[in-house]
Amino acid sequence: MSVFTLIRRYSFKASLSPSSRFMSSLTLPLNDGNTVPWLAFGTGTALYGRDSQRSTLGAGVVASGKPRASLFITTKLGVLPPGKSVRDTLLLSLKKLQTDYVDLFLIHSPEALTDLKSVWKQFEELQKEGLVKSIGVSNFRVRDLEVVADGATVVPAVNQIEYHPYVFKASEPVAEYAKKHNILLASFGGLGPVTRWKGGPLDPVLATIRARVEKTAGQPVTEGQVLQLWLRAKQIPAITTSTKLERIREYLATETFPGLTDEEVLAIDDAGSKAHHRAFQTWLDEETSF
């Protein structure tokens, strides 16, 4: 399992609107009645390959002294070891995280499991048991979601995918399915266009919008923050990661910035659709249909 914890939980005061200039709330509703913070810190990349990442996070949560209810913690099922149930793997993670439950439990990838229906049924049971508050998936295509939906009693609350302007076009089918079934898309790798693929058609658009937001906000703004604002406008949680404190502060500062206009969101959509880049789960590009 990989794990991330959302940076902060805010009270839900108002729904988000793509045309809102200022945000009155930084949480989003899930289809099961729970809410999820918009901004997240992911350990999956920052601490990739370190077996102790869940234990380290658990120790950090305890050391923070914060009430458990003020935190939002997510973990994922990667693979299912032979002879083990989903419950077995979750209990091990809960022990390492030093918590009695997680707020969100996700299937990491449809490619790593041979029986998605059976696994999803076990997820539903864990939610009934109270070991997880919400259940969802990650890196799922439409056909994977349809497999889970066949016979399910609970609709996934979240589908966490690589989402940024350079996969915007390719992700349209799964985004439309999510909207139809009230599944919240969550984004990882959302800063890819400025951290991995500079020099593309998005660059001049981000530069223009960055200047406008900076003038409106009255403080420095980065192009990465513009991408976060694009996700915020689409009501998509932004999962970020860094080992640098200044980057974390930058992410948090985005919460206070004015939102993008509808025209700016569309300009980013259009520019991103002119190129395609994917950093993670590249097997998705080998498929004829997402």
Going by atom type alone, with no hydrogens or angles, which donor-acceptor pairs under 3.5 Å involve a side-chain atom of residues 148-157 and a protein atom two or more places apart or on another chain?
| residue | atom | partner | partner atom | Å |
| --- | --- | --- | --- | --- |
| Asp150 | OD2 | Lys117 | NZ | 2.5 |
| Thr153 | OG1 | Glu124 | OE1 | 3.0 |
| Thr153 | OG1 | Glu124 | OE2 | 3.2 |

Just distance, no hydrogens or angles: give the donor-acceptor pairs under 3.5 Å from side chains in residues 126-134, sequence neighbours left out.
| residue | atom | partner | partner atom | Å |
| --- | --- | --- | --- | --- |
| Gln127 | NE2 | Lys133 | O | 3.0 |
| Glu129 | OE1 | Arg87 | NE | 3.1 |
| Glu129 | OE2 | Arg87 | NE | 3.2 |
| Glu129 | OE2 | Arg87 | NH2 | 2.5 |
| Ser134 | OG | Asp32 | OD2 | 2.6 |
| Ser134 | OG | Asn34 | ND2 | 2.9 |

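- Between Asp270 and Ser273, the side chains place no donor N or O within less than 3.5 Å of an acceptor N or O (distance only, hydrogens not considered).
- A search for side chain to side chain donor-acceptor pair (under 3.5 Å) contacts involving Lys198 returns Glu223, not counting sequence neighbours.
- Residue pairs meeting the ring pair (Phe, Tyr, Trp, His ring centres under 6.0 Å) criterion with at least one member in residues 212-250, sequence neighbours excluded, are Tyr163-Trp230.
- For Arg232 (side chain) and Thr254 (main-chain N/O), a donor-acceptor pair under 3.5 Å exists by modelled atom type.
- Below 30°, between 30° and 60°, or above 60°: for Phe123 and Phe105 the angle between ring planes is below 30°, a parallel geometry.
- The pair Lys234-Asp269 meets the salt-bridge criterion, since a charged nitrogen lies less than 4.0 angstrom from a carboxylate oxygen.
- The side-chain hydrogen bond (donor to acceptor under 3.5 Å, both in side chains) pairs that include a residue from residues 181-195 number zero, where partners must be two or more places apart or lie in different chains.
- Glu250 is linked by a side chain to side chain contact (heavy atoms under 4.5 Å, CB included) to Thr222, Gln225, Arg247, counting only residues two or more places apart in sequence or in another chain.
- In this structure, Tyr177 contributes its side chain and Ile183 its backbone to no donor-acceptor pair below 3.5 Å.
- Note on Asp103 versus Arg68: salt bridge recorded, some NZ/NE/NH1/NH2 to OD/OE distance being below 4.0 Å.
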